Amino acid sequence: MSVGKVAFANLGCRVNRVEIDVIASELERAGCEFVGEQDADVIVVNSCAVTGEAEAKTRKAIRHAASLPQVPIVIATGCVATLFGGELEAIGANVRVVRSKAKVSGEVLRELGAPEGGVSDEGAVLDAPSPTGRTRPGIKIQDGCDNRCTYCIVWKARGRSRSVPVEDIVSSVREAVGRGAREVVLTGINIGRFRGEIEGAVRGLPALLEHLLGATDVERLRVTSIEPPDVTDELLRVMASHPERIAPFLHICLQSGSDATLARMGRVYDTAFYRDVVRRSREMVPGLALGTDVIVGFPGETDEEFEDSLAFCREMDFSKMHVFRYSQRPGTPAAEMEQVDARIKAERGRRMRALARTMRLAAARRLVGTEQLVLVQAAGAGVTGGLFDVVVDRDIEPDTFARLTVSSAAADGTLFATMRQDDSVAI
């Protein structure tokens, strides 16, 4: 029997998605039913403060939820709740701010009048499962950030870098595999800053990857966004040593291909450093696919700086690129700098996205004729280690790995692959 109806509104980064998975998994164990907002008794809004636009979307989502006819309780959590909790509570009498995500599930159950025997004094649900059961679940290994980029407020919202204990990560991976996960995505706010005790010594991300491969039966690990200084030779050697159990993909954050812009952003590298990181990565990890993030229209960005950034991205030849128009984030140094006209930002965004599409198609076409290890996630659809979507034979069983030959590439970079006799594999 359901203890109550709950809905979720999740905004922001991949870490937010992982954290909301944890909350949902806890509430599912406690007996909650998940419904749409119109039918919910409680709505959980997981907020994002990375840009001014993201914060505005958060406030809009909370106002919308609070004004629904059934007058649900609205639980606001996440970065905006941490930074501006009082302002969010003022939106409506039915809005509750819960700054600690570990306490969200307990607060939801209290609002629903559910028995509290399964809730700790700290507000967390006891004996809750990790967010598994999907083919490619995310598992958080690190939170917080010690960088002070001038456009970002996340370091204020999430605090200093801290790592999840190694034994907890191992347990989460084992739990995920036990629930059917074939690939596990390791995620965090600044994942390269992970530090944990492994075999009696404090070690970093490369050692964690090796440890997880030995301590669990996970078939493939994937590393999410990483900062350029954290792409070390040690990390690349570990990836190269396990070409099938560690996905050959790195999303190395760039933000701008102009040294002048990088300096104003407060980034801790220049283009020469980044270029060397990319060179070493491609030399040491055969078949590596590279992704990145780029911001256009950052305060003070001149036409020349933008052209430098565009040219540098073209030189790096990324296979996947997320392009963002700078959005003014109050409370950051960049918000006080000279802003770029909105129409100029829009045009620069259009040109950078056009380059991103061109590079992705070129990378996809280079894969035609090659054999790829594809994780089939649903009937007729899968993903390569390099994060290319693949159309596969619908007869291949979902939630399996398949070695397939790429036959062609669509204009958007989607691959088409042919089935072999030994299509389903164990790795």
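All values below were derived from every heavy atom in this structure, side-chain atoms included, with hydrogens, water molecules and symmetry-related copies excluded. This one's a predicted model, so the numbers in the text were calculated from it and none came from an experiment.
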Assess whether salt bridge (Lys or Arg N to Asp or Glu O under 4.0 Å) is satisfied between D21 and R17, documenting all intermediate values. CA-CA 6 Å; D21 280 348; R17 291 195 294 271; over 6 Å; no
Walk me through it: do L235 and D230 pass the test side chain to side chain contact (heavy atoms under 4.5 Å, CB included)? CA-CA 8 Å; L235 173 63; D230 297 321; over 6 Å; no
Going through the checks in order, is the side chain to side chain contact (heavy atoms under 4.5 Å, CB included) test met by R203 and L208? CA-CA 7 Å; R203 308 286 297 280; L208 176 66; over 6 Å; no
Go through the steps for V154 and C145 under the test side chain to side chain contact (heavy atoms under 4.5 Å, CB included), then give the verdict. CA-CA 8 Å; V154 171; C145 187; 5.7 Å; no
Go through the steps to decide whether Q255 and Y151 satisfy the test side chain to side chain contact (heavy atoms under 4.5 Å, CB included), and finish with yes or no. CA-CA 11 Å; Q255 309 307 354; Y151 53 81; 3.5 Å; yes
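Here the straight-line distance linking atom CG of L404 with atom CG of D393 works out to 9.0 Å at 0.5 Å rounding. Here the CD atom belonging to Q70 is positioned 8.0 Å from the CG atom belonging to D41, to the nearest 0.5 angstrom. Between atom CG of residue L209 and atom CZ of residue F194 there is a gap of 9.5 Å, rounded to the nearest 0.5 Å. Atom CG of D233 is separated from atom CE of M284 by 4.5 Å, given to the nearest 0.5 angstrom. Summarising the geometry, atom CG belonging to L212 is positioned 5.5 Å from atom CG belonging to L221; distances are rounded to the nearest 0.5 Å. For the atom pair SG (C79) and CZ (R158), the distance works out to 4.5 Å, reported to the nearest 0.5 Å.
Contact check for D412 versus D389: no side-chain heavy atoms found under the 4.5 Å cut-off. Put simply, the side chain of L236 reaches to within 4.5 Å of the side chain of L250, judged on heavy atoms. Residues L205 and I226 are in side-chain contact: their nearest non-hydrogen atoms beyond the backbone lie under 4.5 Å apart. I20 has its side chain within reach of I23: a pair of non-hydrogen atoms, C-beta onward, lies under 4.5 Å apart. Counting only heavy atoms from C-beta outward, the side chains of Q38 and L68 approach each other to under 4.5 Å. Counting heavy atoms from C-beta on, the side chains of L27 and L109 come closer than 4.5 Å. The side-chain heavy atoms of N147 and S161, taken from C-beta on, include no pair separated by under 4.5 Å. The shortest side-chain heavy-atom distance between E199 and E210 does not fall under the 4.5 Å cut-off.
Of the possible polar contacts, one joining the T150 side chain to the M265 backbone as a donor-acceptor pair under 3.5 Å is found. Proximity of a side-chain donor or acceptor of R162 to a complementary backbone N or O of R160 within less than 3.5 Å is detected. Judged by distance alone, the side chain of Y269 and the main-chain N or O of E227 form no donor-acceptor pair under 3.5 Å. For T77 (side chain) and V98 (main-chain N/O), a donor-acceptor pair under 3.5 Å exists by modelled atom type. Judged by distance alone, with hydrogens and angles left aside, the side-chain atoms of D293 form no donor-acceptor pair with the main-chain N or O of C253 at under 3.5 Å. With hydrogens and angles ignored, the 3.5 Å screen pairs no side-chain donor or acceptor of S163 with any backbone N or O of Q142. Of the possible donor and acceptor atoms, one in the side chain of R148 sits under 3.5 Å from a partner among the backbone N and O of D146. Between the T414 side chain and the V390 main chain, no donor and acceptor come within less than 3.5 Å of each other. Between the side chain of S407 and the main chain of F416, a donor-acceptor pair closer than 3.5 Å is present. Between the side chain of R329 and the backbone N or O of I153, no donor-acceptor pair lies under 3.5 Å.
In terms of heavy atoms, A40 sits closest to A7 at CB-CB, 3.7 Å. In terms of heavy atoms, L375 sits closest to F401 at CB-CE2, 3.8 Å. The shortest non-hydrogen separation linking M239 to I246 is CG-CG2, 4.0 Å. The minimum heavy-atom distance linking R220 with V383 is given by the pair NH2-O, 3.8 Å. Taking every heavy atom of both residues into account, I252 and S281 meet most closely at CD1-OG, 4.2 Å. Nearest heavy atoms, V80 versus A49: CG2-CB, 3.7 Å.
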Side-chain donor-acceptor pairs of residues 316-327 under 3.5 Å, sequence neighbours excluded:
residue	atom	partner	partner atom	Å
D317	OD2	R366	NH2	3.2
S319	OG	L290	O	3.2
S327	OG	E53	N	3.1

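Among the candidates V108, V6, V42, I43, the single residue satisfying the side chain to side chain contact (heavy atoms under 4.5 Å, CB included) test with I73 is V42.
Figure legend: R267 and Y274 shown without cation-pi pairing, the cationic atom not lying both under 6.0 angstrom from the six-membered ring centre and within 45 degrees of its axis.
Taking a cutoff of 4.0 Å between a charged side-chain nitrogen and a carboxylate oxygen, D39 and K5 do not qualify as a salt bridge. Note on E111 versus R96: salt bridge recorded, some NZ/NE/NH1/NH2 to OD/OE distance being below 4.0 Å. Using a cutoff of 4.0 Å between basic side-chain nitrogens and carboxylate oxygens, R182 and D399 are not scored as salt-bridged. A salt bridge links R403 with E244: at least one charged nitrogen is closer than 4.0 Å to a carboxylate oxygen.
Applying the ring-ring contact (aromatic ring centres under 6.0 Å, His included) rule to H211 yields no partners; only residues at least two apart in sequence or on another chain are considered. T358 is linked by a side chain to side chain contact (heavy atoms under 4.5 Å, CB included) to nothing, counting only residues two or more places apart in sequence or in another chain.
Summarising the local packing, CZ of R365 is surrounded by 12 or fewer heavy atoms from other residues, nucleotides or ligands at distances under 6.0 Å.
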